[in-house]
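Some notes on the structure that comes next.
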Amino acid sequence: MSLMGFLDRVADNASFDKVIEPARRAVLGAFKPPVKDLLHGTWLGHALHPVVVQVPVGSWVSAGLLDAIPPLRPAATVLIGTGVAAAVPAALTGAADWSEQGSGVRRLGALHAVANTVALGLYVGSLAARKKGRGGLGRVLSYAGLGIATGSAAVGGHMSYAQSSGVSHAATAIRRLTTDWIDLGPMDDLPEGRPALRTGAGNGDDVPLVAVRRGARVDVFVDACSHLSGPLHEGAVEEIRGSQCLVCPWHGSAFDLDNGQPRRGPAANPQEKLDVRMEAGHVMARVPGRHR
Ligand code: FES
């Protein structure tokens with residue numbers, strides 16, 4: 001069986017959920033806004049986990065190279081300690097994201113977390129061995145940790161690249177839209193201050209859009225939430241932290257109506273917003289230049 005086939009079997013295996021679900025509920029209960037949004041990277045407009053994991057991964061890979069050169073081994077020990085310390089925020093950001101993903105990604109995420117915990121334990125053991133002067137054992141433990149951390153990184157990559165964890169689902173949807181101006185009908189047909197479903201011509205099929213009218217202003221977004229494609233037209237308009245936001249009905253992500261930036265997670269990516277103009281009382285929308 002190929003590595004990808006093995007990972008797909010893990011993602012399909014619902015029997016893991018007996019263990020995973022209590023852990024997920026514990027994480028959901030432990031992380032509340034604003035800490036939760038801090039960990040997701042909502043404030044940054046980008047997922048935080050892939051940013052912070054650079055520190056432990058980079059430190060441990062570098063330590064592996066320095067350990068191969070005897071005079072540089074003391075520096076390797078410093079880097080291993082740096083990686084151990086940095087593994088804590090990496091784990092916290094990953095746990096926050098993991099708790100609000102789909103079931104298949106959660107199963108792979110559990111495997112990713114277990115492997116990372118084993119790698120971390122090996123590195124802590126390596127530090128302890130080095131401190132006692134047992135450098136040979138320390139290097140064996142740290143190289144074993146590096147091997148497991150590398151395999152775990154492959155699992156994390158599979159979650160993102162093969163299972164779309166952490167990517168913007170709205171960006172995928174907007175690329176299917178025509179690049180021409182789309183007539184969304186008369187502005188007067190839109191309800192005031194509530195999301196309304198509209199559609200735009202796509203490559204082969206129509207793409208759902210969501211329009212929100214506020215007086216003479218209309219904001220139009222891709223309907224599929226950037227987090228996991230929740231239907232934003234079934235959500236609501238609310239004021240979040242001083243901004244009028246479109247709130248997703250699935251996990252509560254809130255996107256600023258003015259610019260699509262997330263004001264509340266779990267979404268870390270902005271919601272794709274279309275350019276809008278009025279023509280003879282009709283709302284006309286078009287994908288922004290970066291997608292044309
Ligand atoms: S789909 Fe999760 S917040 Fe929208």
Side-chain angles (χ1 to χ4, degrees), residues 11 17 20-21 23-50 92-110 156 159-177 193-200 207-212 219-241 243-274:
D17 295 351
I20 290 172
E21 272 309 298
R24 184 172 86 98
R25 281 196 295 275
V27 172
L28 284 171
F31 296 149
K32 303 289 183 197
V35 173
K36 177 173 166 296
D37 289 343
L38 176 76
L39 295 172
H40 286 309
T42 305
W43 56 277
L44 185 62
H46 189 286
L48 195 55
H49 183 64
L92 292 175
T93 53
D97 290 348
W98 167 82
S99 67
E100 291 177 286
Q101 288 294 325
S103 56
V105 172
R106 290 203 300 271
R107 290 167 197 147
L108 284 172
M159 291 163 65
S160 290
Y161 292 113
Q163 304 232 332
S164 301
S165 162
V167 304
S168 169
H169 292 254
T172 309
I174 203 169
R175 289 195 194 103
R176 289 168 37 221
L177 271 173
R194 280 190 291 120
L197 178 65
R198 293 291 183 269
T199 54
V207 177
L209 303 173
V210 57
V212 178
D219 297 293
V220 180
F221 299 87
V222 166
D223 189 52
C225 174
S226 72
H227 179 231
L228 285 180
S229 297
L232 291 177
H233 73 277
E234 294 178 11
V237 173
E238 292 177 25
E239 184 170 319
I240 309 282
R241 295 179 195 145
S243 300
Q244 287 291 304
C245 291
L246 182 54
V247 177
C248 179
W250 281 10
H251 307 101
S253 290
F255 302 97
D256 195 318
L257 282 172
D258 289 344
N259 52 28
Q261 288 297 317
R263 300 293 174 221
R264 183 175 67 198
N269 292 305
Q271 187 60 23
E272 292 289 351
K273 186 168 194 218
L274 281 75

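Side-chain atoms are counted along with the backbone in the values below, which use heavy atoms only and exclude waters and symmetry mates. When a ligand or atom number is given, it counts from 1 through the structure's own listing order.
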Item to check | Side-chain heavy atoms of Asp258 within contact of Gln244, under 4.5 Å | outcome: no

Checklist entry - Looking at residues at least two apart in the chain, or sitting in another chain, which of them share a side-chain contact (heavy atoms from CB on, under 4.5 Å) with Pro262? => result Thr42, Phe255, Pro270

Checklist entry - Is there a donor-acceptor contact under 3.5 Å from the side chain of Gln271 to the main chain of Gly260? => result no

Checklist entry - Would a distance-only check, ignoring hydrogens and angles, find a side-chain to backbone donor-acceptor pair under 3.5 Å from His169 to Ser164? => result yes

Checklist entry - In Å, rounded to the nearest 0.5 Å, how long is the span from CG of Leu48 to CG of Leu38? => result 7.0 Å

Checklist outcome for this item: Near atom 4 (Fe) of ligand 1 (protein N/O/S, cut-off 2.8 Å, waters excluded) we have Cys225 SG, Cys248 SG

Item to check | Criterion side chain to side chain donor-acceptor pair (under 3.5 Å) on Glu100 and His40, from CA distance to verdict | outcome: CA-CA 10 Å; Glu100 291 177 286; His40 286 309; 3.1 Å; yes

